[in-house]
Each structure stands twice: as C-alpha cells, then as structure tokens.
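From a predicted model like this one, the values you see are computed outputs, not experimental measurements.
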Amino acid sequence: MSIEEIVPAPVPEPTAAVLTVGDELLSGEVADTNSAAASIALRGRGYRVAEHRTVGDSLGAISAAIRSLLHTDAVVVIGGLGPTSDDVTRFGLADALGRELEHRAEAWDAVVERLTGFGLAVHESNRRQALFPEGSELLPNANGTAWGALLTAGDTRVVLLPGPPKECRPMLTDALDRFAAAVVPADRARWRTLGLIEGDVAAAVDEAVAASGTGVTPSYRWHYPFVDIGLSCPPGAHPALEAHIDGILDGHVVSRAGRTAFEELALAAEDAALTLDDRLTGGLLAERLGRLGMPAGAGRSVEVDAWAEGPGPDAAREHAGTWDLRCAVRTEDGSRTFALTVPRRGPEVREYAAEFVAWSVLRALRAPAPHPARTPS
C-alpha cells in the first residue's frame with residue numbers, strides 16, 4: 001500500500017491576493033488597514049491569502065502587479081477609483097486584462113445623483129468613475145461615488161474596490177456574497193505556549209513532523225509572550241504526531257484553541273472567588289482579572305501570591321538578564337507553586353508576568369484533587 005493511500009492528500013484551498021494602490025500607502029502617510037480586513041473576509045470564505053502587495057499610483061505598476069497575481073483564484077484590488085488624474089487603477093486593470101474601458105450609465109447616474117444631492121458640482125473628471133473594463137459586474141457604492149466591479153479573468157475572480165474603508169469593506173462583502181459561499185474555516189491542530197523560545201521549539205517540532213511521514217506542514221508564530229505552533233491538518237487527523245508534539249511542549253501549553261491564559265481562565269474560573277497579592281505586576285494583573293467578572297466571596301476560594309526573585313524590569317540595565325517569576329496558588333484542594341524564568345526585556349515583561357500568573361491559576365484549578373490518605377486497617 002502506498003503512502004498516498006495511507007495519508008490522503010489534503011484538499012487544496014483556493015488562494016487569493018490583495019493589491020492596495022496609493023502613493024500615500026507607500027509613503028506611510030496612510031496606514032493600510034484594508035489589506036488585513038480583506039484577508040479576514042477572504043479567510044471567512046475559505047480562501048488562503050497568498051500575497052499582499054502595495055503599489056503607487058502608476059498605471060504601469062498597477063497593470064504589472066495585477067498580471068502577476070492572476071495565478072491565484074481571487075484578486076482583490078483596492079484604491080485609486082476617484083475622479084482625479086492620479087486615480088488610474090481602472091486603467092491599469094483594463095490594461096492588465098487586455099480589455100477596453102466602457103462607459104456604464106448606471107454608475108454615472110449614481111455619481112451625478114450623489115453629488116447633486118449634496119449640492120456639489122459635477123465635474124467632467126467625474127466621468128472616469130463610470131468607466132469599467134468590458135465584462136464588469138458593477139458593485140454599487142452606498143457611501144461614495146466610486147463604484148466597484150467584479151470580473152472574471154480565466155479562472156480568477158477580480159474584485160475592484162475604492163480605498164476609503166467605510167466604502168471598501170461593505171462592497172467587499174457584497175462581492176464575496178456573489179461568488180464565494182461563506183464557510184467555517186477548517187480548524188487546525190494548534191498549541192499556544194508560554195515559556196518557550198520559538199527557535200528551540202521549532203527545531204524539535206520540525207524533526208517530529210519530518211519523522212512522522214504525514215506530509216503535514218508546521219507553522220510558528222511568536223507574539224509576545226506566546227509562541228504558537230500549528231499543523232496544516234485538523235485536530236485528531238494524526239493522533240500519534242499530536243501526542244509526540246504534546247510531549248515536546250509538555251508543561252508549556254496554555255491553550256489548544258488559540259486563547260490567551262486570561263481567556264482560558266475566564267472559562268475555567270466562573271465559580272471562583274479570588275484573593276490576590278499583586279505586587280508582581282503593580283496592578284496590571286488585578287485589572288485584567290477584574291474583567292473576568294469573577295464573583296467576590298462566592299464559589300471556590302482561590303488565593304494567589306505572585307512575586308519575582310531578582311531585579312525587576314525597571315532596574316538598571318533593564319534589557320539584560322532574566323526575571324524569575326513565582327506564583328503560589330492555594331485552593332481548597334491544596335497549594336501549588338509555579339516558576340518561570342523569562343528574559344528581562346523591559347517594562348513589557350509585566351505583560352508576560354500577568355499571563356504567567358493567569359496560567360498558574362488555570363493550572364491549579366485544572367489539577368486533579370489529591371486522593372484522600374488511607375487509614376491503615
């Protein structure tokens with residue numbers, strides 16, 4: 001039996017690319033928030049976004065970028081659809097697709113109606129906002145004069161949208177509703193960890209994945225203070241490999257669902273009454289835990305004493321050395337003390353400490369109750 005028969009090939013995800021246009025994006029005058037919003041929307045429809053790209057207000061650059069992205073299943077082009085001479089995206093798109101621009105009366109009528117409704121003048125330059133490549137399915141703009149379009153180029157769907165976020169994002173939803181059914185993205189096997197170094201854990205997990213022969217791909221993401229590990233397969237698809245990775249990460253897993261320690265604690269501590277000594281984080285921990293809405297004076301009693309050994313993050317040479325964190329958690333079932341040594345990066349290490357304490361409380365609450373001592377007969 002071949003390995004292909006043992007391990008079925010994964011179903012390929014449709015791919016997408018996002019192209020944003022504007023000199024102001026390249027100069028940094030305007031932050032490109034549309035790319036992230038478009039990626040989220042596409043992922044919610046089952047697309048894997050393979051590339052983000054930004055070009056300036058140049059017809060040639062826009063045309064070349066679009067042509068290079070047509071290997072994906074969907075291309076979202078955002079920006080440059082206004083009435084001024086530097087708004088040339090529609091011309092770049094037409095050039096890339098080898099199509100003529102045509103005047104669309106319904107778009108022109110909407111431009112005139114919106115401008116005159118506000119008592120504004122209609123200029124000859126506004127006419128360019130009614131030009132679209134041949135074969136365009138128009139996307140009305142309820143919040144501006146720049147209509148968008150949906151086109152098909154071979155096997156690729158191209159979405160053309162204006163740049164202002166309040167106009168772009170509702171129109172993107174409209175476009176996706178027309179050609180992409182909403183899906184729930186397949187969950188992946190994943191681990192959120194605390195107290196690990198990304199390079200160290202990646203080396204061990206890479207070795208385990210390679211030895212497994214499963215054909216899955218690992219991924220890693222460091223976002224302070226966590227290191228996330230993921231596999232390109234659903235949870236439970238390869239139990240032996242997951243068990244191996246569980247062993248590698250033993251003692252450091254905060255969540256298997258992508259939640260922070262605080263978020264996991266909010267689910268686990270609904271019936272806990274917390275008494276906290278928060279000298280470790282200077283109030284940050286108490287503030288975070290207060291948001292969990294843990295009832296005072298009711299439910300399971302949990303006493304938390306958190307401290308650090310050695311100089312704190314505000315000491316001299318604050319970006320050197322390590323900080324030794326300690327947390328004692330006392331519940332009705334007994335007391336447990338947790339320890340973690342972390343790089344003393346600076347004041348932000350208090351964020352690390354707060355997550356460490358929340359994680360310590362979580363582990364104490366999840367620990368099985370000790371067996372009662374047997375009385376000799």
_Quick check: closest heavy atoms across Arg169 and Ala37, and the distance to 0.1 Å?_
NE-CB, 3.6 Å

*Tell me whether Ile78 is reachable from Tyr47 by hopping between hydrophobic residues (I, L, V, M, F, W, Y) whose side-chain heavy atoms are closer than 4.5 Å.*
yes

_Carboxylate-amine/guanidinium contact Arg45 Asp177, below 4.0 Å_ = yes

*With a 3.5 Å cut-off and no angle check, do the side chains of Arg114 and Asn141 form a donor-acceptor pair?*
no

*Where do Pro133 and Leu101 come nearest, in terms of heavy atoms and distance?*
N-CD2, 3.4 Å

*Is there side-chain contact between Ser255 and Thr193, with at least one heavy-atom pair below 4.5 Å?*
no

*Is the backbone N or O of Gly236 less than 3.5 Å from a side-chain atom of Glu242, with the two atoms forming a donor-acceptor pair by type?*
yes

_Looking only at the side chains, is there a donor atom on one of Ser39 and Arg48 sitting less than 3.5 Å from an acceptor on the other?_
no

Using distance only, find each side-chain donor-acceptor pair of residues 54-62 under 3.5 Å and give its atom names and separation, not counting sequence neighbours.
from  : atom 1 : to    : atom 2 : distance (Å)
Thr54 : OG1    : Thr20 : OG1    : 2.8
Asp57 : OD2    : Asp23 : N      : 3.1
Ser58 : OG     : Ala61 : N      : 3.3

_Does Glu100 have more than 12 heavy atoms from other residues, nucleotides or ligands lying within 6.0 Å of its CD?_
no

*Is there side-chain contact between Leu365 and Leu265, with at least one heavy-atom pair below 4.5 Å?*
yes

*Just by modelled atom types, is the Leu280 backbone N or O under 3.5 Å from a matching donor or acceptor in the Arg350 side chain?*
yes

*Please state whether the rings of His223 and Phe226 are parallel, tilted or perpendicular, taking 30° and 60° as the class boundaries.*
tilted

*asked:* Walk me through whether Val304 and Val357 qualify under side-chain contact (heavy atoms from CB on, under 4.5 Å).
replied: CA-CA 8 Å; Val304 181; Val357 176; 3.7 Å; yes

*Does a donor on one side chain and an acceptor on the other come within less than 3.5 Å for Arg336 and Ser360?*
no

*Flag the pair Leu160 / Trp147 as yes when at least one side-chain heavy-atom distance between them is below 4.5 Å, and no otherwise.*
no

*Hey, any chance Trp323 and Trp307 share a hydrophobic cluster, counting ILVMFWY side chains that come within less than 4.5 Å of each other, even indirectly?*
no

*Where do Thr33 and Pro165 come nearest, in terms of heavy atoms and distance?*
OG1-CG, 4.2 Å

_Distance in Å, Thr322 OG1 paired with Glu309 CD, rounded so as to fall on 0.5 Å steps_ = 11.0 Å

_Are Phe262 and Leu325 connected into the same hydrophobic cluster when the rule is that any two of I, L, V, M, F, W, Y join if their side-chain heavy atoms are below 4.5 Å apart?_
yes

*Mind running side-chain contact (heavy atoms from CB on, under 4.5 Å) on Arg53 and Ser68 for me, showing each step along the way?*
CA-CA 11 Å; Arg53 195 177 302 185; Ser68 71; 2.6 Å; yes

*Answer yes or no for Arg104 and Trp108: cation-pi contact, defined as NZ/CZ to six-membered ring centre under 6.0 Å and angle to ring axis within 45°.*
no

Check residues 148-159 and write down every donor-acceptor pair under 3.5 Å in which the side-chain atom is one partner and the other belongs to a residue at least two apart or another chain.
from   : atom 1 : to     : atom 2 : distance (Å)
Thr152 : OG1    : Arg157 : NE     : 3.1
Thr156 : OG1    : Leu70  : O      : 2.7
Thr156 : OG1    : Thr72  : O      : 2.7

*Can you check side-chain contact (heavy atoms from CB on, under 4.5 Å) on Cys233 and Arg188, steps first, answer last?*
CA-CA 5 Å; Cys233 64; Arg188 299 183 306 146; over 6 Å; no

*asked:* Using the rule given for side-chain contact (heavy atoms from CB on, under 4.5 Å), can you reason through Tyr220 versus Val205, listing the C-alpha separation, both sets of side-chain angles and the distance that settles it, and then say yes or no?
replied: CA-CA 10 Å; Tyr220 308 94; Val205 171; 3.3 Å; yes

*Considering all heavy atoms of both residues, which atom of His52 and which atom of Ala36 are nearest to each other, and what is their separation?*
CE1-N, 4.4 Å

*Quick one: do Arg259 and Glu264 satisfy salt bridge (charged side-chain N to carboxylate O under 4.0 Å, His left out)? Show the steps, please.*
CA-CA 6 Å; Arg259 289 187 282 263; Glu264 287 284 356; 3.2 Å; yes

*Sub-4.5 Å side-chain heavy-atom contact between Val349 and Tyr224*: yes

*His244 and Ile248, any side-chain heavy atoms less than 4.5 Å apart*: yes

*Can we say Asp305 and Arg326 salt-bridge, meaning some charged N sits less than 4.0 Å from an Asp/Glu carboxylate O?*
no

_side-chain contact (heavy atoms from CB on, under 4.5 Å) partner of Arg192, chosen from His252, Arg256, Arg221_ = Arg221

*Distance-only polar pair, side chains of Trp191 and Asp246, donor-acceptor under 3.5 Å*: yes

_Measuring only between side-chain heavy atoms, which start at C-beta, is Arg67 closer than 4.5 Å to Asp95?_
yes

_Gap separating the NE2 atom of His71 from the OG1 atom of Thr15, nearest 0.5 angstrom_ = 7.0 Å

Show me the side-chain donor-acceptor pairs of residues 194-203 shorter than 3.5 Å, one per line, residues at least two apart or across chains.
none

*asked:* Main chain of Thr84, side chain of Ser125: is a donor-acceptor contact present, judged purely on distance under 3.5 Å?
replied: no

*Glu134 CD: over 12 foreign heavy atoms closer than 6.0 Å*: yes

*Indicate yes or no for a side-chain donor-acceptor contact from Ser35 to the backbone of Asp32 under 3.5 Å, with no hydrogens or angles considered.*
no

*Check the hydrophobic clustering (I, L, V, M, F, W, Y; side-chain heavy atoms under 4.5 Å; chains of links allowed) and say if Trp222 and Ile245 are grouped together.*
yes

*Taking all non-hydrogen atoms of both residues into account, name the closest pair between Ala261 and Trp359 and its distance.*
CB-N, 3.7 Å

*asked:* Tell me the closest heavy-atom pair linking Pro218 and Asp206, and the distance in Å.
replied: CG-OD1, 3.3 Å

*Say whether Arg128 and His103, considering side chains only, have a donor N or O and an acceptor N or O under 3.5 Å apart.*
no

_Value rounded to 0.5 Å, distance of CG in Asp324 from OG1 in Thr341_ = 4.0 Å

*Got Val76 and Leu161 here, is their nearest side-chain heavy-atom distance under 4.5 Å?*
yes

*Same cluster (ILVMFWY, side-chain, under 4.5 Å), Val112 and Leu131*: no

*Taking side chain as C-beta onward, heavy atoms only, is His238 less than 4.5 Å from Val216?*
yes

_Sole residue of Ile66, Leu19, Leu81 in side-chain contact (heavy atoms from CB on, under 4.5 Å) with Leu93_ = Ile66

*Mark yes or no for whether Thr337, through its side chain, and Ala328, through its backbone, hold a donor-acceptor pair below 3.5 Å.*
no

*asked:* Quick one: does any side-chain atom of Glu207 pair with a main-chain N or O of Ala204 as donor and acceptor, under 3.5 Å?
replied: no

*asked:* Is it the case that the side chain of Asn143 and the backbone of Lys166 share a donor-acceptor pair, with hydrogens and angles ignored and the cut-off at 3.5 Å?
replied: yes

*Does the Asn34 side chain pair with the main chain of Gly163, one donor and one acceptor, at a distance under 3.5 Å?*
yes

